[in-house]
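Below you'll find the structure, written out as structure tokens, and then a few comments.
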There are 2 protein chains.
Amino acid sequence: MERTPKDAGITRREFLKWSAVAGSGIAMGAAGVSAILGLSQAPGKVSEAAGAGQIPMYGEHQAGIVTPQQTYMYLASFQITAADRPAVIGLFRDWTRFSDLSTRGGTMQSGDNKLLPPSDTGETLDLPASRLTVTFGFGPAFFSQDGKDRFGLAAQAPRYLKDIPRMPRENLDKTLSGGDVCIQVCAEDQQVAFHAVRNFIRLSTGLASLKWLQEGFISGGTAGQTPRNLFGFKDGTANQLHQTPEGYQDVVWAGEGEPSWMAGGTYLAYRKIRMLLEVWDRTPLSDQEDTFGRNKTSGAAYGAKHEFDPVDLGQLPANAHVTLAKQSGKLIHRRAYSYTGGIDPRTGHMDAGLLFISYQRNPDEQFLPMLKLMQSQDKLNEYVSHVASAMFACPRGLREGEYLGQVLFEA
Amino acid sequence: MERTPKDAGITRREFLKWSAVAGSGIAMGAAGVSAILGLSQAPGKVSEAAGAGQIPMYGEHQAGIVTPQQTYMYLASFQITAADRPAVIGLFRDWTRFSDLSTRGGTMQSGDNKLLPPSDTGETLDLPASRLTVTFGFGPAFFSQDGKDRFGLAAQAPRYLKDIPRMPRENLDKTLSGGDVCIQVCAEDQQVAFHAVRNFIRLSTGLASLKWLQEGFISGGTAGQTPRNLFGFKDGTANQLHQTPEGYQDVVWAGEGEPSWMAGGTYLAYRKIRMLLEVWDRTPLSDQEDTFGRNKTSGAAYGAKHEFDPVDLGQLPANAHVTLAKQSGKLIHRRAYSYTGGIDPRTGHMDAGLLFISYQRNPDEQFLPMLKLMQSQDKLNEYVSHVASAMFACPRGLREGEYLGQVLFEA
């Protein structure tokens, strides 16, 4: 890297600071680059304006689960490469600190030594918190991989956590599926959401590698309206049925038979579903409506007048999306986003679809039977292709002062 | 496709309508699928709420050029496959109608025949206009390809239109570069922007093929603030220098020596610039600031106090971004967006960067010398890679009743 005259003069004070930080980094070994660079210890700053639109990070449950959906989402999946438990704990401490700071609209503050990289990447310096939420989850391999208890946590594995079993008609890309740890970042502002996910990635240097990263958006979900998916249909109407504390208790929050750290936690189920827009757009409206079992414009189920009217199975095509969802008799808490991503170079078609995410307390009883039924029978299968899959267990919410996973590591 | 009992009964009336439409489509031949399906003739509907946040489509200049930047952008490039001039004109008429409708927040209205695909894909049925703008441009090959005057327009080629010449250090992907026609769609709402670009693609079925599609976002560009790029720096400060009608006349609007249809038009220069975030994020703050020649936090150039203070070349590193921009002595109108797009599977690094777009009246005098200087000397080159490139000529604004390109075809 070239050096210009302006920064060639290193003051003694700067030199000592640099040496001291570098030295402590070397001594810390496994704690990685973030420690070497002092990122994890960087003080944070939250300006008053930046604090606007905050969603509290601490509480009984993690934010970003029953939080009303923000406009943007990034979902990142990591593979832990840290060799041992203390190194993982170090990473989780850093992630917790940054999560706390960024949900308050803050940025990590650099010291006055410009010979170090800035502690914060800086693209949100002028931006408010923007309803940022950060939601963490652990994949099956985090507890046990190839029969190996990697971090001494095998006995703490959540009751229902496993990779989603093979389903009919799926076409999964393994490089875009699974992972040890996921971080879901949502915000009303895409730059704010990206800033957070990028700095989580950065803080993981040497301790975890990014396995995949997906981004999505919704629109029209405000004021109680159900957002439309890229097929132009309202999808997720049934979410309204359980939006009470009791409903969430029934549908979302785990507890019974779980290790204590999962009480108040939940399971995140993820499917990346490519939607064949070109095919769909040439399909008669009657077929489109039969596929969902709803009127396209109003969102009302067949035989009903309004979107939220009760669904009458007698009025519906047997293989319609809403029929099967209803028939399964199960509720899930849906929190999906649309994605668009340029062109599939093999076909010239648009690469777009749905990042399906749902939260449920028991995937064996709720999500998996519904998925299996739909993958087998749903008329929608003519127009979609499931290309990625994952399941993560999300621990209960953090109390102030706790780090992510503390309740698990200290169980 | 399966048929459920509900729609098996085709009424005679429906059958006749279907036959009539199909028949007229067949008779029209080259006019393509959109005509067969009646899309181009579909009446539009604009509800009162949908009209909120409109930017007029008609005027002396096209919208989306000096329009204050919206939050989202899609840039689509097409290759015309239509065989002849009337077919191209038919496509442009359809595009114009849909552009008019969507900038007013409207959607194409389907008839009551559900055996036809809906005229509109429907995902914006509940959404307002959201400051949507549509900007069209023509690439060099639209006028002449391999020495062939494809549509009888070679004599009307704009004076400075050509592919951007090969530059030092670039690493272009030809499949993501160039094209016959570009459509830039911008809006405050990503779903509204995607809806428009998707329906432009749909209307082009059989007449043009989508060559590439890029999407980007900005944040923080409101209230006169310069948005920060993904390196965390304010970029585009110099735009403020010409934001007057006279300034735009000097910098943006073409005229002199141009065919008449380009008077009030402009040239769009596009570079997709991948930013090596992981490298940048480990670079000392002093190097980052030397690279731009600006203080990261305040945005002030070296030697200045505030972002908009005059730049003093004597205070700046010779190869800093702002030095070279200033030294070139040229102004351009910058309208760039950031992009993020998951992971580069070859490296595991984030695929993110800048969709650089600028508008200028004379690329030979303004954009190309600046680009050449920067590609040769800019310190920023250590951290970026130019991966795609294109230039398009954007005709003057439409008058009501005109179709896109009419002024060109009838010149």
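Quick note: numbers below take in every heavy atom, side chains included, and nothing from hydrogens, waters or symmetry partners.
For A:Ala320, no part lies near chain B; criterion is any non-hydrogen pair under 4.5 Å. At a 4.5 Å heavy-atom cutoff, B:Ala76 makes no contact with chain A through either its backbone or its side chain. For a residue to count as touching a neighbouring chain, one of its non-hydrogen atoms must lie under 4.5 Å from one of that chain's; by this rule A:Thr121 touches chain B with backbone and side chain alike. Looking at B:Glu278, there are no atoms closer than 4.5 Å to chain A (heavy atoms on both sides), in backbone or side chain. Neither the backbone nor the side chain of B:Gln214 comes within contact range of chain A; no heavy atoms are under 4.5 Å apart. Residue contact with chain A, scored on non-hydrogen atoms closer than 4.5 Å, is absent for B:Leu176. Proximity to chain A (any heavy atom under 4.5 Å) is restricted, for B:Asn229, to the backbone atoms N, CA, C and O.
A distance of 12.0 Å separates CG in A:Leu116 from OG1 in B:Thr283, rounded to the nearest 0.5 Å. Separating the CD atom in B:Glu123 from the NZ atom in A:Lys296 is a distance of 7.5 Å, to the nearest 0.5 Å. Taken from OG1 in B:Thr297 to CG in A:Asp126, the straight-line distance is 9.0 Å, to the nearest 0.5 Å. Distance check, rounded to the nearest 0.5 Å: CD of A:Gln190 to OG1 of B:Thr71 gives 10.0 Å. Atoms CG and CG, from B:Asn199 and A:Asp281 in turn, are 7.0 Å apart once rounded to the nearest 0.5 Å. Between the CG atom in A:Leu230 and the CD atom in B:Gln191 there is a gap of 6.0 Å [rounded to 0.5 Å].
Of the residues considered (A:Met350, A:Arg198, A:Lys211), A:Arg198 shows the highest number of contacts with chain B, using heavy-atom pairs under 4.5 Å.
A pairwise comparison of heavy atoms in A:Pro284 and B:Pro118 identifies C-CD, 4.4 Å as the closest pair.
The stretch residues 339-346 of chain B places B:Thr340, B:Gly341, B:Gly342, B:Ile343 near chain A, each with some heavy atom under 4.5 Å from a heavy atom of that chain.
Scored by the salt bridge (Lys or Arg N to Asp or Glu O under 4.0 Å) test, A:Asp235 finds A:Arg334 as partners (sequence neighbours excluded). Every residue meeting the ring-ring contact (aromatic ring centres under 6.0 Å, His included) condition with B:Phe194, not counting sequence neighbours, appears here in chain and number order: B:Tyr74. Contacts of B:Glu215 classified as salt bridge (Lys or Arg N to Asp or Glu O under 4.0 Å), with partners at least two apart in sequence or in another chain: none.
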